[in-house]
A.B. asks: 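Below: one structure in structure tokens.
Each chain gets a letter, A, B and so on, in the order the sequences are listed, and its residues count up from 1.
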Amino acid sequence: MKDKRFFVAAALPLPRKTGFLLLLPAGLFLTIFYLYPLARILSSALDARLLLQQATWNTVGRTLGFTVYQAALSTFLTLAIGLPLSLLFARYEFRGKSLWRAMMTVPFMLPTVVVAAGFNAFLGERGWVNLTLMRLLDLQKAPIPFTGTLIAILVAHVFYNTILVVRILAHTLEHLDPRLEQAARVLGADDWQTFWQVTFPLLRPSLLAATSLVFLFDFTSFGVILLLGGPKFATLEVEIYVQGMHLLHLPLAALLSVVQLLCTAAQAWLYSRLLNRVITPFSPRPAAANIRPARRWREKLFLVGMLSLVVVLFLFPMVSVPVRSVVRMEAARGERGQVHYGLTADYYRELFVNRLSSLFYVPPLEAARNSLLYGLATVFLSLILGFPAATALARGNRWARGPDILFLLPLGTSAVTMGLGFLLAFRRAVTSPWLVPLAHTLIALPLVVRTLQPAIASIPPRLQEAAQVLGASPWRAWRTVEWPILRRAVLAAATFAFTVSLGEFGATLLLARPEYPTLPVAIYRFLSQPGGLNYGQAMAMTTILMAFTTGGILLIERLRSPAGGEF
Amino acid sequence: MRKILIPLLLGLLVVTACGPRLPATLTVMTHDSFAVSEEVIRSFEEENNVKVTFLASGDTGTALNKAILSKDAPLADVFYGVDNTFLSRALDADLFEPYRSPLLKDIPAEFQLDPQFRALPVDYGDVCINYDKAYFAEHNLPVPQSLEDLTRPEYRGLLVVENPATSSPGLAFLLATIAHFGDPGYLDFWRALRENGVVVVNDWETAYYTNFSGSSGRGPQPMVVSYGSSPPAEVIFAEQPLEDAPTASLVGPGMCFRQIEFVGILKGTKNRDIARKFVDFMLSVRFQEDMPLQMFVFPVNPNAKLPEAFVRYAQIPEKPATLDPALIAANREKWIQAWMETVLR
Amino acid sequence: MLEIVHIRKTYEGQPLLEDVSFTVARGETVCLLGPSGSGKSTLLRIIAGLEEAERGQVFWEGEDITAVSPHRRRMGMVFQDYALFPHLNVAENVAFGLRMQGWSPQDQQTRVREVLELVRLTGFEARRVTDLSGGEQQRVALARALAPRPHVLMLDEPLGALDRALREELLEELRRILRASDVAAIYVTHDQEEAAAIADRILVLHRGRIVRDGTPFEVWNSPGSLWVAQFLGVGNILFGECHPGSGSSVLKTALGEFPLSCPHCHPKGTRVGAILRPSAAEEHPEGEIRARVTDILFQREHFRVSLENGLYVFLSRAPRVGETVSLRLKAPLECLGI
């Protein structure tokens, strides 16, 4: 990032040509690794005759209806929980804040199989909530139905995506001028009025961005629907998988992919239209000015209440995994039927043993290393492509609208379809391990751009002009004026990219060679065979993944903490 | 920044385009569940001076789809893992070239479903209902002896099955009921099963680890659609040495469906000789004896000795259900649709 | 009448305000003057209810409002950088407080027109606040604070961000507006000129305490303490030994001996500080002070002449730089005590 001219351009509205050049790398990337494979698979699989069949439209209509319905509900719930949580993180100082935040980020990269297992251990028919209730109320059947209900889908979506809302909104809230709210208070607005009349309107652009992302994630939900929703529910993404991979009905799968893609594009278009209407420029403030401990009893109640919610919603479903990874419950199984519990480190020890001397044995350290390398490559790639693109989009005028939509599309594209597209487009090269971070970047890029764009847009051009007049070179002006403001956003973007990669979004996307297995791949390997040891090892491996990601996030949080020239 | 980026991207392209294509490499495309001992593959590599690379390509359906889509420029020389439920599809797509391996003479005719020797059987496994022995003992409940028994009130809510639209064992079990009750008689059975509180989930992992009470997940249902080889797996992967398997299979007549997995040489291979050697190798006793403990399947080669755990804990049904692959291919979608209408809606 | 009684506030263990008490009557403008960090803004925020004091009370018309939350206090506040709501236009900003108090739309409209006229922004109703100049934003902020007819109007360095000419112009207008609105006003600033121009009464705040309370004239003429004199810049400060005499005292300093008027009685030899006002010196051939001129500055009604011994005086004539001037004191030095 040493080309000075680029940064001079960044501060002011960009001329079309500069904007075009900034968009070029990301545009090229998307053309080669997204549009081209997509075009290949769609052109080879689509079949116009399908359009004439009533059955086709029945399937499309039913699936699309449910997809939109559950996505709208999930998004609403996620916002309803994410908004107060954002206020909590943006406004109050409390113990272990970064740990809390890290805890909420962990779900984002957990394999759905594990999440489903976690939720079942918590809320399932034999989960401890139901077992406790059965014992207390002396019931024969589990009182709370969970698995296989719409509720399970909604709860899991909230579990996965709340962090998106919190990260985006808390960032804006932290940098909101506290005096605006104080002014409202002095003018006679109570807490509630202050929030709805002043804070909320200023939050709208970020809220819109968060809504748009969460909706997309819910709209294209796959694993949650399949594993927690059960066979009664199918989103477009699930139907594409079933039609394409199990019924071998590729034309219908391709058609459903097109429907999903069109919906995504429409959503992105709506987003950018709405954004223009609600955007209000305001100067960001130092975050520290807004953050303080809770003092009044109402604030304390809010703090305790919200943190309890976090514990119930985020910690409880996850905690069963590490617990199970050190608890043995098999000792006296078999004919005797009594379960004995005991602590054990066997699962972890066993991870390091290739018991069956299998060719596909995954040493945990190697899996962790591979995950880390893929993650870092994804962070690097998505930032280097995303930063100039976000700059162009943030400072561009009308011409930036089109590319803006293009950036969001990969999120709305079925992983199954993309996987097949890659195959057609890259042939033998699709077995290259290089393609893995490239595919992860495809998913990370929209998140990175969406995170950076508002931050870049919020820097008043005056700031940089002032610095330059004061004698700072363009590079120094950027370094001392913009970078401190962007630092947080860049770190947030990096976190997203890293978690996307670690969570192996669309693990089915590519052809994998056994040389470079990642942590999620290792987890799936254990879960695909019966046996208590396999299950325990899967839990142990997941615990390692959780520890690994929590550590990574805490490290990033440390980087964004006040020590180094925090804005 | 741009100056760096474009060469970088181009560089990446070059790197990805070159790929791992060394002269003496045999590429084998498989599903994700494929496994083999390192030592077994090494010995093949040494004997034939070749490097074997495996491409894990998703579940069975996904892997097959990928093979069909890349037919014109195949990614691999050998494809392993198409089963009898997908066999016709693979043969219709004209994926494989015929190869009459000399080892086929040892292999029972019941496994050799392709008379033109394009797809050669490698292993089989029976999709059976597993039950939690402790549960049945504790409740003094007799074990169901037939599919019909499952609709009796004492087994209400005790069975979890997989959705045939999303799961391979789920489909196999559906086919078993179709083989037993015929079409459309199977729908009556499923209707009764539904009324008797059968639980349906989408995938084997959830069914086995979350719903089944005999696994480490300790779920609510004591019966699950799984494999005949799952009980020995429970012993082999037990946390502490077990005297006896905690689970067993229901192997009454027609209760299990036999899945046979095939290997084939992909049309357009440039390593035909090595590919043939590899197919021979897969049918040989060495490989066949390695398979059971790696993939928990049974060898088709009768000369291969089963590991002890298999002999002791795996039940092999005497009369497993089978259906003609062509019939399956023709009706798969229809059967699944009708099943979904009956059981889910 | 607003009464502030024994307010105490600490920040991270350091006392920020200590036992601050004062009153503001209706129609009176009180200026809180002090350097940055003296606790002025915190005091304002405590009065507004935005922060809580550890001790002390706030009364309005005899009623204790210490525990009343800010939105029920009916106070107006103009923030340093205006804090206008960027998502609302000028009229909506001004009407905000009215809306919160539940005024009818017609009344709101009438009142908005009224206050906008008062601040001379008629016709700006539909403008976006982000498009306004600094001075215009300032007026909108003032109009917004005045619209709901607050009991007390607080202005926190309201002119701090503006250029000098605009500041003088607005200061004059502010005075007119404050007079017209008959509100109890508290004006916070660190600028003595501004304070002198607007205040009926000045409270000088130093390290969390009120160290001087009086009209601008009183404060200026008898700062009362060394620190206030220095902060206000009332003149040269000289240190020396105090030698009380029968008629007048004498201050012995490094620059010589000067007559001293001292309200207190110091024992002989006490080291005290005293003001030598720059206007108290005039040129005289037999003056007590002889020194070379180092700098001259034209200041409209006089020349500000700096001398090599560190003093400065106002003279009606401009000597040349380097020239030696002889000065005589027209009045004795004013003793400020220890």
A.B. asks: In Å, rounded to the nearest 0.5 Å, how long is the span from OG of S33(B) to CD of Q529(A)?
C.D. replies: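 The distance works out to 8.0 Å.
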A.B. asks: What residue, out of A117(A), G230(A), P231(A), has the most heavy-atom pairs lying under 4.5 Å from chain B?
C.D. replies: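 Result: the option with the highest number of such pairs is P231(A).
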A.B. asks: Taking side chain as everything from C-beta outward and backbone as N, CA, C, O, which of these in A63(B) sits under 4.5 Å from a heavy atom of chain A? Side chain, backbone, both or neither.
C.D. replies: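 A63(B) has no heavy atom closer than 4.5 Å to chain A.
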A.B. asks: If you measure from CZ on F119(A) to OG1 on T210(B), what distance do you get to the nearest 0.5 Å?
C.D. replies: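 Reported value, rounded in 0.5 Å steps: 13.0 Å.
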A.B. asks: Heavy-atom distance under 4.5 Å to chain B: side chain of L228(A), backbone, both or neither?
C.D. replies: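 Neither the backbone nor the side chain of L228(A) comes within 4.5 Å of chain B.
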A.B. asks: How about M245(A) and L64(B): do any of their side-chain heavy atoms sit closer than 4.5 Å?
C.D. replies: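 In short, these two side chains do not touch, never coming nearer than 4.5 Å.
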A.B. asks: With sequence neighbours left out, write down each residue that passes salt bridge (charged side-chain N to carboxylate O under 4.0 Å, His left out) with R156(B), or none if nothing qualifies.
C.D. replies: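 Once residues adjacent in sequence are excluded, R156(B) has no partner under the salt bridge (charged side-chain N to carboxylate O under 4.0 Å, His left out) criterion.
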A.B. asks: Do L533(A) and I236(B) have side-chain heavy atoms sitting under 4.5 Å apart?
C.D. replies: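 The answer is no; the side chains never approach within 4.5 Å.
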A.B. asks: Is there a side chain to side chain contact (heavy atoms under 4.5 Å, CB included) between D59(B) and Y241(A)? Walk through the geometry before answering.
C.D. replies: CA-CA 11 Å; D59(B) 54 31; Y241(A) 168 71; 2.5 Å; yes
A.B. asks: If you count heavy-atom pairs under 4.5 Å between each of D346(A), V238(A), I41(A), V242(A) and chain B, which one has the most?
C.D. replies: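 Maximum pair count with chain B is reached by V242(A).
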A.B. asks: Looking only at non-hydrogen atoms, find the nearest pair between R42(B) and L359(A) and report the distance.
C.D. replies: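 Heavy-atom minimum between the residues: NH2-CD1, 3.6 Å.
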A.B. asks: Please identify, among D290(B), D203(B), V235(B), T166(B), the residue contributing the most non-hydrogen atom pairs under 4.5 Å to chain A.
C.D. replies: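 The residue among D290(B), D203(B), V235(B), T166(B) with the greatest pair count is T166(B).
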A.B. asks: Where does P231(B) contact chain A at under 4.5 Å (heavy atoms): side chain, backbone, both or neither?
C.D. replies: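 No part of P231(B) comes within 4.5 Å of chain A.
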A.B. asks: Can you tell me which portion of I225(A) sits under 4.5 Å from chain B's heavy atoms? Options are side chain, backbone, both or neither.
C.D. replies: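 Contact with chain B is through the backbone of I225(A) alone.
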A.B. asks: For the ring pair F360(A) and F34(B), is the centre-to-centre distance below 6.0 Å?
C.D. replies: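 Judged by ring-centre distance (under 6.0 Å), F360(A) and F34(B) do meet the cut-off.
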A.B. asks: Holding to side-chain hydrogen bond (donor to acceptor under 3.5 Å, both in side chains), I want the full list of residues that pass it with T441(A), two or more places apart in sequence or in another chain.
C.D. replies: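 Once residues adjacent in sequence are excluded, T441(A) has no partner under the side-chain hydrogen bond (donor to acceptor under 3.5 Å, both in side chains) criterion.
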A.B. asks: What I'd like to find out is whether the side chain of Y209(B) reaches to under 4.5 Å of the side chain of N120(A), using heavy atoms alone.
C.D. replies: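 Y209(B) vs N120(A): side chains apart.
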A.B. asks: Contact between P530(A) and F212(B) at the side-chain level, heavy atoms closer than 4.5 Å - yes or no?
C.D. replies: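 Of all side-chain heavy-atom pairs linking F212(B) with P530(A), none is under 4.5 Å.
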A.B. asks: Check whether M340(B) gets within reach of chain A through its side chain, its backbone, both or neither, counting any heavy atom under 4.5 Å.
C.D. replies: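 Answer is neither: M340(B) stays 4.5 Å or more from chain A.
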A.B. asks: Over all heavy atoms of both residues, which pair between Q294(B) and S358(A) is shortest? Give the atoms and the distance, please.
C.D. replies: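 It is OE1-CB, 3.3 Å.
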A.B. asks: Heavy-atom distance under 4.5 Å to chain B: side chain of Q537(A), backbone, both or neither?
C.D. replies: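 Contact with chain B involves no heavy atom of Q537(A) at all.
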A.B. asks: Is N534(A) reaching over with its side chain to a backbone N or O of F237(B), donor-acceptor style, under 3.5 angstrom?
C.D. replies: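 Checked: no pair found.
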A.B. asks: With heavy-atom distances below 4.5 Å as the criterion, would you say the side chains of L250(A) and L69(B) are in contact?
C.D. replies: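 Side chain of L250(A) against side chain of L69(B), heavy atoms only: contact under 4.5 Å found.
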A.B. asks: Could you look at S37(B) and say if it's the side chain, the backbone, both or neither that has a heavy atom under 4.5 Å from chain A?
C.D. replies: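 Both backbone and side chain of S37(B) come within 4.5 Å of chain A.
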A.B. asks: Counting heavy-atom pairs closer than 4.5 Å to chain A, which one of L171(B), N163(B), L344(B) comes out on top?
C.D. replies: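 Option with the top pair count is L344(B).
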A.B. asks: Taking the side chain as every heavy atom from C-beta outward, state whether Y524(A) and D32(B) have any atom pair closer than 4.5 Å.
C.D. replies: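 No, too far: nothing below the 4.5 Å cut-off.
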A.B. asks: I'd like to know whether L75(B) forms a side chain to side chain contact (heavy atoms under 4.5 Å, CB included) with L423(A), so could you lay out the CA-CA distance, the side-chain angles of the two residues, the decisive distance to 0.1 Å, and finally the verdict.
C.D. replies: CA-CA 9 Å; L75(B) 298 169; L423(A) 188 71; 2.9 Å; yes
A.B. asks: Please assess L248(A) against N65(B) for the test side chain to side chain contact (heavy atoms under 4.5 Å, CB included), listing each intermediate value before the final yes or no.
C.D. replies: CA-CA 7 Å; L248(A) 301 184; N65(B) 253 320; 3.4 Å; yes
A.B. asks: What is the minimum heavy-atom distance between L247(A) and E333(B), and which atoms define it?
C.D. replies: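 So the minimum-distance heavy-atom pair works out to CD1-CG, 4.1 Å.
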A.B. asks: Name the region of V200(B), side chain, backbone, both or neither, that has any atom closer than 4.5 Å to a heavy atom of chain A.
C.D. replies: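 Both parts, backbone and side chain.
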A.B. asks: At a 4.5 Å cut-off on heavy atoms, which part of S167(B) comes close to chain A: side chain, backbone, both, or neither?
C.D. replies: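 S167(B) touches chain A through backbone heavy atoms alone.
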